[in-house]
Amino acid sequence: MSLLSVDHTSRWFGNVVAVNDVTMDIGPGVTGLLGPNGAGKSTLINMMAGFLPPSTGSVTLDGAPVWRNEGVYRAIGLVPETEATYDFLTGWDFVLANARLHKLPDPAGAARRALATVELEEAQDRRIGTYSKGMKQRVKMASALVHEPSVLLLDEPFNGMDPRQRMQLMALLREMGDEGRTVLFSSHILEEVEQLASHIEVIVAGRHAASGDFRKIRRLMTDRPHRYLVRSSDDRRLAAALIADDSTAGIQLDWQERALRIEAIDFARFTALLPRVAREHGIRLYTVSPSDESLESVFSYLVAA
Amino acid sequence: MFNPTVARLTYRALLGRRRALILCALPLLLLAVSVLVRTMVGQDDDVAVSLLGGFALAAMVPLIGVVAGTGAIAPEIDDGSVVYLLAKPLKRSSIVLTKLLVAIGVTVAFSAVPVFVAGFVLNGDSQRIAVAYTVAAAVASVAYSALFLLLGTVSRHAVVIGLVYALIWEALVGSVVPGAKTLSVQQWSLALAEKVAGDGAGVASDVGLPTGVTLLALATVGGAWAAAARMRSLTVAGDE
């Protein structure tokens with residue numbers, strides 16, 4: 001059982017603040033680190049992995065600082081985002097070398113088990129340079145598991161994986177979490193995190209935006225105001241009919257665009273309301289498009305909340 | 001301090017196909033020219049000195065040093081695969097030291113050994129010229145390995161800077177401009193060669209033996225120490 005603690009940690013590069021006063025504890029089970037690209041997820045993971053000292057604050061594993069403390073790597077397994085490995089080695093040689101670098105008593109046995117865990121035995125005698133992206137990801141995973149770490153850190157592990165590989169890795173990570181290991185993975189895709197993580201930490205623009213189980217995060221995300229751009233045969237009459245309902249918070253007639261800008265607060269109810277109201281009033285809908293569905297806007301709403 | 005697994009990974013990376021070709025090219029050229037000279041000119045000490053000093057020690061040894069010294073560490077730092085070494089219960093200084101020993105081994109094997117063979121081909125070690133230049137190439141290999149390993153941990157353009165240094169400073173300025181000679185690994189190692197070779201061999205250095213040995217030791221130890229310090233504070237920032 002290991003606890004990874006990030007305590008009032010910031011990290012800046014020159015004038016750019018990558019991680020801004022983040023405090024979180026990552027305990028046993030699977031935790032998802034969710035945030036848009038460039039939010040500071042990798043910086044945070046690199047600090048947790050002891051590759052980057054925090055500018056202020058501390059990052060500790062069971063009380064011991066991780067920066068300049070190579071002893072922590074007996075407990076930490078790391079799957080970096082970078083694709084580069086030792087491409088000139090075979091999968092077997094690479095995982096075996098990792099086992100030897102950990103000074104394990106039976107490196108060959110450990111390498112065999114790790115390669116079996118990720119189901120890469122068939123390709124283990126081929127050079128890593130010839131591997132597909134998903135196979136590379138699996139050999140990286142095997143190298144991180146070879147010493148059976150109690151903490152597993154994965155930076156965007158699902159990038160470039162096909163759906164089947166994704167499901168396999170998810171099952172594996174779930175299993176490791178159930179065994180009581182501390183598993184942290186980063187992702188910018190809500191659905192990935194939702195499927196796998198029992199606990200979610202959201203980071204946006206370097207700030208710790210939200211924390212909780214997926215239901216809480218999902219609610220935060222769906223309860224936010226949704227903005228739509230709507231064009232119809234009679235915008236003014238449609239607006240009047242829609243504003244009468246509790247699910248809309250505001251409607252603007254945009255004369256330049258010749259469209260309605262609608263802010264809905266109850267997503268499910270509004271999506272049922274709009275077509276019904278249009279039909280009842282004999283109004284034709286020409287355009288219905290969400291105007292702020294980008295992940296960044298979803299996240300920035302969370303930051304403001 | 002020495003880690004056999006780090007060593008194996010390093011020398012396999014160094015002796016990968018492309019690098020091995022570069023490492024073999026210059027020694028083969030030296031041997032080919034030596035054979036040619038011996039068959040056409042015959043045994044001549046002056047020719048031996050100018051070939052071993054003017055080409056082997058002035059150009060070949062530093063170039064091999066650049067390829068092996070930077071190649072032992074720079075590519076891993078550049079592409080990020082160094083994290084697989086860093087994320088292990090290993091002292092970073094032992095990673096550096098191991099890589100330095102591998103770089104020295106490779107540089108000696110691809111420069112000092114061919115110099116020795118070429119020396120024997122050229123004049124059969126008359127006036128101990130072959131042994132003298134072999135000693136110089138070996139100690140220069142050690143110093144170059146440390147300096148270029150350090151360069152590999154400091155700059156992303158280690159190979160280019162190393163090549164410019166090897167070709168312009170050591171091969172050109174260090175051989176021609178008097179003041180620059182005293183600040184050149186080549187001249188320091190020549191001081192040892194001068195001591196080993198016979199008096200009439202015409203092997204001469206611009207620096208005295210104590211100075212040469214001291215500066216070689218300083219460059220080697222200082223380079224290794226600085227590379228270890230640099231590795232200790234090496235950060236992996238990710239792509240963001």
Side-chain angles (χ1 to χ4, degrees), chain A residues 11 13 16 18-19 35 37-47 49-53 67-89 93-103 107 128-129 140 143-144 146-147 149 153 155-156 186 206, chain B residues 1-23 71-99 102 106 152-153 156 228-240:
Chain A
R11 172 72 210 197
F13 300 96
V16 182
V19 170
N37 287 325
K41 300 190 297 294
S42 287
T43 303
L44 194 57
I45 287 192
N46 279 322
M47 286 195 285
F51 292 156
L52 194 64
W67 171 245
R68 285 193 173 158
N69 179 10
E70 61 274 350
V72 297
Y73 295 117
R74 288 192 189 90
I76 295 181
L78 178 82
V79 181
E81 190 183 11
T82 164
E83 260 214 37
T85 53
Y86 292 80
D87 282 359
F88 52 89
L89 296 179
D93 286 340
F94 177 63
V95 178
L96 183 66
N98 276 279
R100 290 208 170 115
L101 289 169
H102 275 294
K103 297 170 184 152
I128 295 175
K140 281 157 63 177
S143 78
V146 75
H147 59 305
L153 301 175
D155 198 356
E156 295 279 354
S186 69
Chain B
M1 283 308 272
F2 180 81
N3 185 296
T5 310
V6 174
R8 202 172 310 122
L9 288 172
T10 305
Y11 92 76
R12 284 196 63 174
L14 268 181
L15 302 184
R17 231 167 288 157
R18 244 186 343 180
R19 255 195 212 89
L21 281 179
I22 302 173
L23 286 172
I73 201 158
E76 277 166 287
I77 294 178
D78 277 356
D79 72 13
S81 57
V82 74
V83 296
Y84 294 101
L85 299 183
L86 300 183
K88 296 294 183 295
L90 299 175
K91 288 244 173 269
R92 290 188 179 188
S93 52
S94 81
I95 297 174
V96 169
L97 193 80
T98 302
K99 285 181 170 293
V102 173
V106 169
T153 63
R156 280 181 165 268
R230 169 75 193 132
M231 271 298 265
R232 217 172 112 71
S233 48
L234 181 76
T235 59
V236 181
D239 299 331
E240 291 184 333

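In what follows, chains are A, B, ... by sequence order, proteins preceding strands, each numbered from 1.
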What closest approach, in Å, do [X] and [Y] show between heavy atoms, and which atom pair accounts for it?
X	Y	answer
B:S81	A:A84	CB-O, 3.8 Å
A:G50	B:R92	O-NH2, 3.9 Å
A:H102	B:P89	ND1-CD, 3.3 Å
B:S233	A:R68	CB-NH2, 3.2 Å

Report yes if some heavy atom in the side chain of [X] is under 4.5 Å from a heavy atom in the side chain of [Y]; otherwise report no.
X	Y	result
A:Y86	B:L85	yes
B:V236	A:T82	no
B:L90	A:K103	yes
B:L9	A:L89	yes
A:F88	B:L15	no

B:R232, CZ: over 12 other non-hydrogen atoms inside 6.0 angstrom: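 No - once you tally the heavy atoms of other residues, nucleotides and ligands closer than 6.0 Å, there are 12 at most.
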Under 4.5 Å from a heavy atom of chain A, the part of B:R8 involved: side chain
Engaged part of B:N3 at the chain A interface, taking heavy atoms whose separation is under 4.5 Å: side chain
Test side-chain contact (heavy atoms from CB on, under 4.5 Å) applied to A:F51 and B:L234, B:T235, B:V82, B:L86, the passing residue: B:L86
Given that the side chain runs from C-beta out, which part of [X] has a heavy atom under 4.5 Å from chain B: side chain, backbone, both or neither?
X	answer
A:S143	side chain
A:D87	neither
A:A49	neither

Closest-packed option against chain B by number of heavy-atom pairs under 4.5 Å, given A:R11, A:E83, A:R100: A:R100
Winner by heavy-atom pair count (cut-off under 4.5 Å) against chain A, out of B:P4, B:G16, B:A13: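 The option with the most such pairs is B:A13.
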